[in-house]
Amino acid sequence: MVAQIFAKYKSIEIEPMLHFVKNQLKAKKSVFLLVLKEIVQKMSGVEQGDEISTVQLEAMAGGELLRSEAAGFFNQQRNPRKTAQRLKDALVESKLIVPLCSLIAQQLKITVYRETLHVEAKLVQALYDQCVDTFTQFGNFLVTVLSPEEYKNTIPSLEELCEEYGLDLGSASFLYRPVISYSINSTWESTMKANKNFRSMSQSEKDDLYLSITTDIMTPVKQQIQARLPSKVLDEFSPQFLATFWTLSYSDLYVPTGSYSRERERAKKAASDVLHSSDMTEAKRKKESDRLNSLADRLDAEGVKQKEHVERVMARLNHEKQSWFDYGSLNKYKTETVVNILSQCVIPRSLLSEADAAYCAKLLELIHLMKTPNFASLICFDRLFCDITHTINSCSEYECRRFGRFLFMSLQTVMRWHGDKAVYERECVSYPGFVTKFRAGSQSGSDSSSHIDFENYRHVCHKWHHKIFKAILLGIESKMYVAVRNSLIILKSILDQFPVQYPFYVNLEKKVEDLKNREKGKRDDLFTLSQSYLGQLKLRKPFMIREEAFHYKPKVVPKAVPTTDVVTNGHQSPITKKEQEAPALSGTNGKEVTIKKEVKDSKKSDRRDEKDKSTKTEAPKEKRPKGEKGEEGEILPSGPGEGGDQKSSKRRHVLKPSKEGAESPRLKKSKPSQHDDDYEEGMIEEKEEKKRERKREREVEDGGESKRKKDAEGKSSRKTGTTNGADSERRSEKKESRDYDGEKRGHSKSRKSGDKSR
């Protein structure tokens, strides 16, 4: 409300409110930063968004005209220039620019170490994010409303900002960076105009001239930065690298050609639409059309100028790279240097703003592509992706979004190399950053045998994805609010690059679904965040790939392990050592089924059955005395069911005469009523069992399943046939059994009639 009043009523002075905010910040009351943020936003239109799109981020790499048209620095106010000029005049006249800048930067430390004593952690993080946003917003406002010469004369030197005002290196570099950029560019332009032979100079001569100008301006800056860093850090990399890192910006490394062409086409289309509009008069249509066409031409000119600027900066970096990581020995190479670069430079700057996060990711890629000596790109990415747990848990909400942007662009780089072997061989093979064997005197990377090949690099990418998955999973399953929230924010930021494998997708979907159900009705912000991510994740399901497509996974051939699922006589039992040595039958489909020891036992039973059949086929002859029947000395064969075998069938039994009216016990057993019915039932069961056995044999021969449920469990003496001639032998055996049964009944009847006659 206060900011709207100042923006609407010109007669109200702004200086008293600015002094009030300054005094409250001196009293370490960080909450009044919100008042300053609203005043800057309403009066100048400069708005520091919580989250910017990829199109806006790309436009921020361009010049001032492109940023004003596409990057969203100015909101939809019709004419904020007048109110912005009022705010600028109030700040300049009251000399509050430098005090406010220093006080806002100091609140970054005060908010963390002072407010946590009285306020909850969630509110402290919100206040910290407001401090960072207000600091970057106020700096961008000063760059917008002040001319480059005014800005250079207003902002103190880097040494004064660090020593007198107590700013850290990151905050001081943010304020002093436009001064260095303006000094180099203005000196270069004045040199071009003063040199009459400039157009006839070769490109290498122009690069040397630009390099000499840069060296003269950067030398005092390098000395000031060197005095602010500990000696341990300076042992790992040179002050030249630190000065270059902190003074360059995203627009120095990248030309957003897509944004320039898009904005140019939009301006031309708007100009053509204005000419055919009936809402304006002819004079207004012509004036608006000329303005839009002029805007398109200025965008073209700025794009060409930006391209030339980036080429000069790249020539400077190629010249400086030889001294960035120049060590005397190899023992400090690799991991220690990479960890110091990430902890002292890359991570702190990537948390400051979205543009700084994009700058850090782009610079790491360029350091690799420039073949910088003694810089291990592979180890740098490995340390970055494998150790993100502590970084995620220590970030605030907005810092986590910026770090997620940095992770997304880094994953975009490594996945571009992963997706195409030709790109990998062109941009990674024979590069010093992908050396895996470090030898003294051979650090140039010319030996191809010491580099990682394409398939091994794909394995490494899979390891990185696995590490990220584990870190995110640890945060989601945590009970800490900050860990869960930051993990979900990181997942949303890197959604287009992770997950890409189906197993990770399935596990993440399940874990986030469990989190949503767990937080429902408890912590609504986590519930909403998890539900939003689930909806976006499910849209990515058609793009998931299997692990075998992500990297080559050799098939592991399992060893031959004895199985217990074998065909037996009606039941399953473990395989013994002798049974493992039994032969195997190959079915028609190529499968082999193990046959148990009962196959051998069945052959012995077949031979025993043949001997039984030979005795059964001979008709039993009765030897009786002449003229007498049923007297002493009669010989009767032992029938089936009486326990007779091959030896007992040849034994002679003498039947003694019994008492009158009583039957012989042997004849009583031979009654057809009880024994014959049981015998017939046994034959039927045996017939059905043999059918089942033949069916199982055919399935074994055809390569059928080895596991099968048996109909009758517990029957231990079942015979298994292994040849095709077994069927004919069984049929003949059934016929002989029926003949034998008829003869037995005939003998029984004749014996009964003889007993009656006696």
Side-chain angles (χ1 to χ4, degrees), residues 105 139 143 148 151-152 155-165 167-188 207-254 309-310 312-327 337-338 340-353 355-356 358-368 370 372-375 380:
V143 173
Y151 189 90
K152 180 181 178 181
I155 300 299
S157 65
L158 189 65
E159 185 179 5
E160 292 179 2
L161 289 173
C162 293
E163 294 182 359
E164 296 182 9
Y165 294 94
L167 274 64
D168 57 13
L169 185 58
S171 302
S173 299
F174 173 77
L175 294 175
Y176 196 68
R177 194 175 301 129
V179 176
I180 298 175
S181 177
Y182 170 72
S183 300
I184 295 175
N185 293 333
S186 61
T187 307
W188 168 255
D207 294 340
D208 293 340
L209 180 60
Y210 181 81
L211 184 61
S212 64
I213 295 173
T214 305
T215 304
D216 295 338
I217 297 175
M218 291 297 298
T219 299
V221 177
K222 181 175 64 175
Q223 295 174 355
Q224 295 171 10
I225 291 178
Q226 186 176 1
R228 303 296 305 171
L229 294 175
S231 59
K232 183 180 179 180
V233 176
L234 297 176
D235 291 340
E236 300 295 335
F237 36 82
S238 65
Q240 181 67 47
F241 172 76
L242 293 172
T244 302
F245 177 83
W246 287 110
T247 55
L248 292 180
S249 61
Y250 191 35
S251 59
D252 297 325
L253 305 179
Y254 176 65
H309 171 71
V310 172
R312 290 193 299 268
V313 173
M314 293 304 299
R316 166 192 166 188
L317 296 181
N318 279 300
H319 181 269
E320 293 179 356
K321 68 180 181 181
Q322 302 295 332
S323 60
W324 283 350
F325 312 106
D326 187 13
Y327 326 109
T337 303
V338 165
N340 283 321
I341 291 174
L342 292 176
S343 61
Q344 298 292 332
C345 301
V346 175
I347 301 287
R349 183 166 179 180
S350 65
L351 301 180
L352 189 59
S353 66
D356 289 318
Y359 164 78
C360 293
K362 189 65 177 178
L363 182 63
L364 288 180
E365 180 185 359
L366 288 177
I367 291 176
H368 166 77
M370 290 189 304
T372 304
N374 300 330
F375 181 77
C380 180

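Worth knowing before you read on, the calculation uses all heavy atoms, side chains too, and leaves out hydrogens, waters and symmetry mates.
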Worksheet item: Going by the angle between their ring planes, with limits at 30° and 60°, are W324 and F241 parallel, tilted or perpendicular?
Response: perpendicular

Item to complete: Decide whether D356 and S353 meet the rule of one side-chain donor and one side-chain acceptor closer than 3.5 Å.
Response: yes

I want to check something: taking the side chain as every heavy atom from C-beta on, are [X] and [Y] in contact at a cut-off of under 4.5 Å?
| X | Y | answer |
| --- | --- | --- |
| L366 | L253 | yes |
| Y165 | P156 | yes |
| S173 | T247 | no |
| L248 | L317 | yes |
| L175 | L161 | yes |
| P178 | V143 | yes |
| C380 | F375 | yes |
| E164 | E160 | yes |

For [X] against [Y], the heavy-atom pair lying closest together:
| X | Y | result |
| --- | --- | --- |
| S249 | R349 | CA-NH2, 3.9 Å |
| Q224 | E159 | OE1-N, 3.3 Å |
| C345 | L242 | SG-CD2, 3.5 Å |
| G170 | W246 | CA-CZ3, 3.7 Å |
| F174 | G139 | CE2-CA, 4.1 Å |
| K321 | T372 | O-CG2, 3.9 Å |

Calculate, to the nearest 0.5 Å, the distance between atoms [atom1] and [atom2] belonging to [X] and [Y] respectively.
| X | Y | atom1 | atom2 | value |
| --- | --- | --- | --- | --- |
| H319 | T215 | NE2 | OG1 | 7.0 Å |
| L363 | S350 | CG | OG | 12.0 Å |
| L364 | I341 | CG | CD1 | 8.0 Å |
| R228 | L167 | CZ | CG | 10.0 Å |
| D207 | L211 | CG | CG | 8.5 Å |
| Q322 | Q240 | CD | CD | 12.5 Å |

Partner residues of [X] under the ring pair (Phe, Tyr, Trp, His ring centres under 6.0 Å) criterion, sequence neighbours left out:
| X | value |
| --- | --- |
| Y151 | none |
| W188 | F198, Y210 |
| Y176 | none |
| Y254 | Y250 |

Worksheet entry | Working for side chain to side chain contact (heavy atoms under 4.5 Å, CB included), residues L342 and V338 | CA-CA 6 Å; L342 292 176; V338 165; 4.1 Å; yes

Worksheet item: With sequence neighbours excluded, what pairs up with E320 under the salt bridge (charged side-chain N to carboxylate O under 4.0 Å, His left out) test?
Response: R316

Discussion item. Holding to side-chain contact (heavy atoms from CB on, under 4.5 Å), I want the full list of residues that pass it with S183, two or more places apart in sequence or in another chain.
Written reply: K152, V179, I217

Discussion item. Under the criterion side chain to side chain contact (heavy atoms under 4.5 Å, CB included), I'd like the reasoning laid out for L158 against V221: C-alpha separation, chi angles, the key distance, then a yes or no.
Written reply: CA-CA 7 Å; L158 189 65; V221 177; 4.2 Å; yes

Item to complete: Take N185 and H309 through the test side chain to side chain contact (heavy atoms under 4.5 Å, CB included) and record every step on the way to the result.
Response: CA-CA 9 Å; N185 293 333; H309 171 71; 3.7 Å; yes

Worksheet item: Stepwise, does the side chain to side chain contact (heavy atoms under 4.5 Å, CB included) test hold for Q223 with T219?
Response: CA-CA 6 Å; Q223 295 174 355; T219 299; 3.9 Å; yes

